[in-house]
Amino acid sequence: MDDTAQWNRTWQSCPQEPTNTFAVRAYRIIRARRMKTLLDLGCGAGRDAVYFSRKGLTVTAIDSSKTGIAKLKSRDPRIHCILDNLHTIKLKKNSFDIIYAHLSLHYFNGRTTRRIFRIIHHALKPKGLFFVKCKSTDDPLYGKGLKLERDMYRKGHTRHFFSKDYMRELLAPFTILNIRKTSSIYHHYKSAFIEAIAMK
């Protein structure tokens, strides 16, 4: 199901948020490798895209939310913004040094998720880096609501929960540099995640 209308409402009313710690950790790795071009997949209102741009990266940001993209454009006009749905996205081969996806790739069924990961691999330059963070099967919301398929439930909106094994499967075309479980208080409730860093 398409939750774009819900995200439009979310980003319309959402106050400006601080940079995610995941982005800060990603930048430490990026800086050491002197990379320049970054794609933020599912940027929302752009808090991480703005952070990367202010660090000197050339940033492209994609989201399906008109309100999110509008907020991002107003905050940093240097960022190339694209209004598009990730489940139908097409990207040119070898286009980016870095692709970054913070909590944006766990909303799709298995078939679509595998397609998106293949497109990401296609769009990265050789030796390019992919940073991805998704909801984990350890998350308190796992199993809540209507079951749509394995590890995928709809409660408020659709969530596809990842295990470390599933993340490894999706990243099979890449060289996996790190996969780990994390948890934090996120939007006032405890959440669990799978984070990964991979190289083409």
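These numbers come from a predicted model, not from an experiment.
- Under a 3.5 Å cut-off, the side chain of S104 and the backbone N or O of L41 do form a donor-acceptor pair.
- Of all non-hydrogen atoms in K144 and P140, the two that sit nearest each other are NZ-O, 3.3 Å.
- Criterion: ILVMFWY side-chain heavy atoms under 4.5 Å apart, direct or through other members. Under it, I116 and L148 are not part of a common hydrophobic cluster.
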For this session: Evaluate the criterion side chain to side chain contact (heavy atoms under 4.5 Å, CB included) for residue pair K135 and L141; output intermediate values, then yes/no.
Result: CA-CA 9 Å; K135 281 277 196 180; L141 289 174; 4.2 Å; yes
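- Checking K133 against N20 by side-chain atom types alone, no donor-acceptor pair falls below 3.5 Å.
- Between D139 and A192, the shortest heavy-atom distance links the atoms OD1-N, 2.8 Å.
- In terms of heavy atoms, C43 sits closest to D63 at N-OD2, 3.2 Å.
- Of all non-hydrogen atoms in S64 and N85, the two that sit nearest each other are CB-OD1, 3.0 Å.
- From S136, atom OG reaches atom CZ of R180 across 13.0 Å, with rounding to the nearest 0.5 Å.
- Placement of I120 and V59 in two distinct hydrophobic clusters is found when ILVMFWY residues are connected by side-chain heavy-atom separations under 4.5 Å, directly or transitively.
- Here the CZ atom belonging to R31 is positioned 11.0 Å from the CZ atom belonging to R34, to the nearest 0.5 angstrom.
- No continuous path of hydrophobic side-chain contacts links L39 to Y51 [ILVMFWY only; heavy atoms under 4.5 Å].
- In plain terms, the two heavy atoms of R159 and H157 that are nearest each other are NH2-CE1, 3.4 Å.
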For this session: Show the numbers, then the answer: is there a side chain to side chain contact (heavy atoms under 4.5 Å, CB included) between H80 and K73?
Result: CA-CA 8 Å; H80 177 53; K73 284 182 176 179; over 6 Å; no
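- The distance from atom CD1 of I194 to atom SG of C134, rounded to the nearest 0.5 Å, is 9.0 Å.
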Problem set entry | Stepwise side chain to side chain contact (heavy atoms under 4.5 Å, CB included) test for T158 and Y153 | CA-CA 6 Å; T158 300; Y153 300 86; over 6 Å; no
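- The list of side chain to side chain donor-acceptor pair (under 3.5 Å) pairs with a residue in residues 110-126, not counting sequence neighbours, reads N109-T112.
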Exercise. Hey, mind stepping through L146 and K155 against side chain to side chain contact (heavy atoms under 4.5 Å, CB included) and telling me if it holds?
Worked result: CA-CA 7 Å; L146 175 66; K155 181 177 173 63; over 6 Å; no
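- L171 is listed as a side-chain neighbour of M167, based on a closest heavy-atom distance under 4.5 Å.
- A distance of 4.5 Å separates CZ in R33 from CG in L129, rounded to the nearest 0.5 Å.
- Under the 3.5 Å distance criterion, the side-chain polar atoms of R47 are left unmatched by any main-chain donor or acceptor of T19.
- For H160 and Y107, the distance between ring centers is not under 6.0 angstrom.
- The aromatic rings of F131 and Y100 sit tilted, their planes meeting at an angle between 30° and 60°.
- Rounding to the nearest 0.5 Å places CZ of F161 at 10.0 Å from CE of M152.
- Atom CD1 of I99 and atom CG of L124 lie 4.0 Å apart (nearest 0.5 Å).
- Put simply, the residue from T60, I30, T58, I79 that forms a side-chain contact (heavy atoms from CB on, under 4.5 Å) with L38 is I30.
- When the options F130, Y166, F174, F108 are evaluated for a ring-ring contact (aromatic ring centres under 6.0 Å, His included) with F117, the one that passes is F130.
- When side chains are defined from C-beta on, D40 counts as touching D48, because their heavy atoms get closer than 4.5 Å.
- Between E195 and K181 no salt bridge is recorded (no basic side-chain N to carboxylate O distance below 4.0 Å).
- With hydrophobic clusters built from ILVMFWY side chains whose heavy atoms lie under 4.5 angstrom apart, F22 does not share a cluster with I176.
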For this session: Kindly indicate, with the supporting measurements, whether the criterion side chain to side chain donor-acceptor pair (under 3.5 Å) is fulfilled by D97 and T37.
Result: CA-CA 5 Å; D97 294 317; T37 57; 3.1 Å; yes
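- I29 is not connected to I179 by any chain of hydrophobic side-chain contacts under 4.5 Å among Ile, Leu, Val, Met, Phe, Trp and Tyr, and they are in different clusters.
- The aromatic rings of F52 and Y27 lie tilted to each other, with the angle between the two planes from 30° to 60°.
- A pairwise comparison of heavy atoms in E149 and G110 identifies OE2-N, 2.8 Å as the closest pair.
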